[in-house]
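Computed from a prediction, not measured in an experiment: that's the story for all the values here. One-based numbering along the sequence shown.
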Amino acid sequence: MILMIKKIFPLMAAIMIFMTATVFAEEEQQNTNYEYISRDYGYSIICPKRPNVVAANVFFGEENMKGEVLIFENVEYEVVRGWVVLTDAFDSNAVPNFNTDSKDVIDKYLSELQRQGYEGTALVNITKDNKGVLAITAKEIEIDEDGDGKADGVAITDRQEAITFFRTSDGKCYSVQLIGTAGLNEAAMNNFRKALTTFKENGATIQNESKDKNDKNDKKDKKDKKSKKDKKK
């Protein structure tokens, strides 16, 4: 059985959002809301709001998975909008270096990746100085049951998701994925891109500072809520 990807979400629009956001990265960082600092994995990322955090191995039921799911909106146990941040997300030896390898090597890799169930893939700037891959999952997948190159049916998923994966300056392999039943739209992609321009991997330094910074964020949240209540009175 062969899966034939049918394009639904305009990949070019997603790429343009990434390019624009990279150009205005400094402005975006000034307009963001909540700095989440991972105590377990030593990364920080700016979020549109304070997330509820679940260990990725618990959320997906995969014991060896390293990372976290940042949930911004949910209905009971269903994620409406969230991000998955994984470290050790890919084998560095099996994936090209997006900053230094040749265009031919990278293009071949992107073509192979697209055949694995993605609507489209593209090389993008995660930050001004670091490239990664943007991939969009397909919403409709044409199924070629007899392998003759013609579609025999269509499988429809209930959502589309976006994923980026890249190396940090110290060589760690990360992926950040936009998930949720709300699917993909321009606002969601903009918030997702803003997060990536603020992603930092500072290891022990961040881990040592995480408690103090997250406590400050908690106090700020409480202060803002109290201020809003006082204004209403």
Side-chain angles (χ1 to χ4, degrees), residues 1-23 25 43 56 60 62 64-67 83-157 159-179 183-184 188-190 192-193 195-197 199 201:
M1 183 174 70
I2 299 174
L3 301 183
M4 302 162 57
I5 304 307
K6 183 178 179 181
K7 292 186 177 181
I8 300 296
F9 185 84
L11 180 65
M12 185 55 67
I15 295 171
M16 289 303 296
I17 290 171
F18 268 64
M19 291 174 64
T20 303
T22 301
V23 173
Y43 69 86
F60 291 103
E62 297 186 20
N64 296 324
M65 186 174 283
K66 297 179 181 179
W83 299 335
V84 180
V85 183
L86 300 179
T87 186
D88 294 342
F90 56 92
D91 181 356
S92 184
N93 294 322
V95 175
N97 186 312
F98 304 123
N99 294 309
T100 61
D101 280 347
S102 70
K103 183 178 183 300
D104 288 344
V105 169
I106 294 171
D107 285 348
K108 181 181 178 182
Y109 173 77
L110 293 179
S111 296
E112 292 173 352
L113 186 65
Q114 189 164 336
R115 289 195 290 268
Q116 296 175 19
Y118 293 101
E119 171 186 302
T121 59
L123 184 69
V124 294
N125 277 81
I126 301 299
T127 63
K128 290 180 180 179
D129 302 317
N130 190 27
K131 289 182 174 64
V133 165
L134 166 67
I136 305 295
T137 61
K139 189 172 184 179
E140 293 187 9
I141 302 175
E142 294 179 344
I143 302 173
D144 176 10
E145 301 226 0
D146 51 17
D148 63 357
K150 297 179 181 179
D152 300 309
V154 177
I156 302 176
T157 67
R159 70 196 69 176
Q160 275 185 288
E161 298 174 348
I163 182 171
T164 62
F165 49 97
F166 52 92
R167 293 174 177 84
T168 58
S169 58
D170 61 357
K172 289 190 177 179
C173 301
Y174 271 90
S175 72
V176 184
Q177 184 172 359
L178 169 61
I179 65 169
L184 302 183
M189 288 297 291
N190 267 318
F192 183 57
R193 182 63 194 117
L196 291 172
T197 65
F199 186 93
E201 208 293 310

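- Across G183 and A188, no two heavy atoms sit closer than the pair O-CB, 4.4 Å.
- With rounding to the nearest 0.5 Å, the separation of OG1 in T197 from NZ in K128 is 10.5 Å.
- Of all heavy-atom pairs between G132 and L123, the closest is O-CD1, 3.3 Å.
- Considering all non-hydrogen atoms of both residues, A135 and T121 come closest at CB-CG2, 3.9 Å.
- The two residues P96 and I106 come nearest to each other via the heavy atoms CB-CG1, 4.3 Å.
- Note on residues 96-110: pairs passing salt bridge (charged side-chain N to carboxylate O under 4.0 Å, His left out), not counting sequence neighbours, are K103-D107.
- Side-chain N or O atoms of N130 include none that pairs as donor or acceptor with a backbone N or O of T168 at under 3.5 Å.
- Looking at E161 and L178, their side chains never come closer than 4.5 Å, going by heavy atoms from C-beta outward.
- Judged by distance alone, with hydrogens and angles left aside, the side-chain atoms of Q160 form a donor-acceptor pair with the main-chain N or O of T137 at under 3.5 Å.
- Rounded to the nearest 0.5 Å, atoms CG (D88) and OG (S175) are 10.5 Å apart.
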Derivation and outcome, side chain to side chain contact (heavy atoms under 4.5 Å, CB included), residues L86 and F165: CA-CA 9 Å; L86 300 179; F165 49 97; over 6 Å; no
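- Note on ring orientation: taking the six-membered ring where Trp is involved, the planes of Y174 and F166 are parallel (angle under 30°, cut-offs 30° and 60°).
- Between V124 and V133, the shortest heavy-atom contact is CG2-C, 4.3 Å.
- L134 and A162 make their closest contact through CD1-CB, 4.4 Å (heavy atoms, listed as atom of the first residue, atom of the second, distance).
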Side chain to side chain contact (heavy atoms under 4.5 Å, CB included) assessment of R167 paired with V95: CA-CA 10 Å; R167 293 174 177 84; V95 175; 4.0 Å; yes
Trace of the side chain to side chain contact (heavy atoms under 4.5 Å, CB included) decision for V85 with F199: CA-CA 10 Å; V85 183; F199 186 93; 4.1 Å; yes
Check against side chain to side chain contact (heavy atoms under 4.5 Å, CB included), T164 and F192: CA-CA 10 Å; T164 62; F192 183 57; 4.0 Å; yes
